[in-house]
Amino acid sequence: MRTLRTTLLTAAAAGLAVTALAQVPAAAAPAPAPPKFLSAGQLPASLTPWTAGPVRQGAPAEGSVCTSGIAPAAGTRHRDFRTELDTGARQTITVAATTAQAKALAAELRSALETCLDWLKEQDPGLEGEAFYQGRVDIEEGAHVYSIDTSYPEVGSTDIGLYSVGRDGRAVTVVEWGQLGELDGAPLEGFKKTTRTAVAKLY
């Protein structure tokens, strides 16, 4: 009888222990680290050093004419860069809720860049320019590079802009670079390297 009673008590204690363990909530998985931004030293070479601004929450309030209003404010951050000359750059990163949404966002951003020059000419009939697709950068889900060269013949001013859209999973990044001048003087290969680094740093 004593042996039976001891066995029953041991089984009951074990059952309570299992129940207690089952009631302990599992530790919440740590939130993934946010995607990383480019540093100043990872921008294309310039005659004067690059300076990186702070990372800011939300979509840019101004500038980014070709892609303005496409990325949602929620899940978006951006960082501006500048030199002492008339050269500037910006990186914007958006983390979408799903991979499908990120893929759709990247496609919409690419479409906006492909049609941007036509849109600019509609807004300003005096504007002239050329736009080119500069190819794909093979990194993660891929990145695509564009150039838009604009000029105002009446005043003799020219501007060149380089743009890229890249994606890694749910994260989409846009890198913009611009300065006075023409495409021949733009660091296209350096910009492609910067784009590769930007996408590689996301995760």
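Nothing here was measured: the structure is a model prediction, and the numbers come from that model.
- Atom CZ of Arg136 has more than 12 heavy atoms from other residues, nucleotides or ligands within 6.0 Å.
- Cluster membership check: Ile70 does not share its hydrophobic cluster with Val175, using side-chain heavy-atom separations under 4.5 Å among Ile, Leu, Val, Met, Phe, Trp and Tyr.
- You'll find the side chain of Thr99 reaches within 4.5 Å of the side chain of Arg167, heavy atoms only.
- In this structure, Glu140 contributes its side chain and Ala200 its backbone to no donor-acceptor pair below 3.5 Å.
- Counting only heavy atoms from C-beta outward, the side chains of Thr195 and Leu162 never approach each other to under 4.5 Å.
- Ala71 approaches Leu105 most closely through the heavy-atom pair CA-CD1, 4.1 Å.
- Residues meeting the side chain to side chain donor-acceptor pair (under 3.5 Å) test with Asp184, sequence neighbours left out: none.
- Paired with Thr173 under the rule side-chain contact (heavy atoms from CB on, under 4.5 Å), one option of Val165, Leu202, Leu109, Asp168 passes, and it is Leu202.
- For Ser64, the side chain to side chain donor-acceptor pair (under 3.5 Å) partners two or more places apart in sequence, or in a different chain, are Arg90, Glu176.
- Under a hydrophobic-cluster definition in which Ile, Leu, Val, Met, Phe, Trp and Tyr are linked whenever side-chain heavy atoms come within less than 4.5 Å, directly or via other members, Leu113 and Trp177 are assigned to different clusters.
- Looking at Thr194, its side chain does come within 3.5 Å of a backbone N or O of Gln42 through a donor-acceptor pair.
- At least one side-chain heavy atom of Thr94 sits under 4.5 Å from a side-chain heavy atom of Pro72.
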As a quick check of understanding, evaluate side chain to side chain contact (heavy atoms under 4.5 Å, CB included) for Thr87 and Thr48, giving each step before the final call.
CA-CA 9 Å; Thr87 306; Thr48 59; over 6 Å; no
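- Around the CD atom of Glu154, the shell of radius 6.0 Å holds no more than 12 heavy atoms that belong to other residues, nucleotides or ligands.
- Lys121 contributes no side-chain N or O that, together with a main-chain N or O of Leu127, makes up a donor-acceptor pair within less than 3.5 Å.
- Under the 4.5 Å side-chain contact rule for hydrophobic residues, Val174 and Phe191 do not share a cluster.
- Few gaps surround CZ on Arg110; more than 12 heavy atoms of other groups in view lie less than 6.0 Å from it.
- There is a path of hydrophobic side-chain contacts, each under 4.5 Å, that joins Val95 to Phe37.
- Cluster membership check: Val137 does not share its hydrophobic cluster with Tyr163, using side-chain heavy-atom separations under 4.5 Å among Ile, Leu, Val, Met, Phe, Trp and Tyr.
- Annotation for Ile160 and Ala186: closest pair CG1-CB, 4.1 Å, computed over non-hydrogen atoms.
- Glu114 and Tyr146 share a donor-acceptor pair across their side chains, judged by distance under 3.5 Å alone.
- In this structure a side-chain-to-backbone donor-acceptor pair under 3.5 Å is missing from Ser151 to Pro153.
- Side-chain contact, Ser147 with Gln134: a donor N or O sits under 3.5 Å from an acceptor N or O.
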Report the C-alpha separation of Lys192 and Glu189 in whole Å, then their side-chain angles, then the decisive distance to 0.1 Å, and conclude whether the side chain to side chain contact (heavy atoms under 4.5 Å, CB included) test is met.
CA-CA 5 Å; Lys192 288 182 177 181; Glu189 292 307 313; 4.0 Å; yes
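- Between the side chain of Arg196 and the backbone N or O of Ile139 there is no donor-acceptor pair closer than 3.5 Å.
- Of the residues Arg77, Lys36, Gln91, His78, the one that meets the side-chain contact (heavy atoms from CB on, under 4.5 Å) test with Val55 is Arg77.
- Within a 6.0 Å sphere centred on NZ of Lys103, other residues, nucleotides and ligands contribute 12 heavy atoms or fewer.
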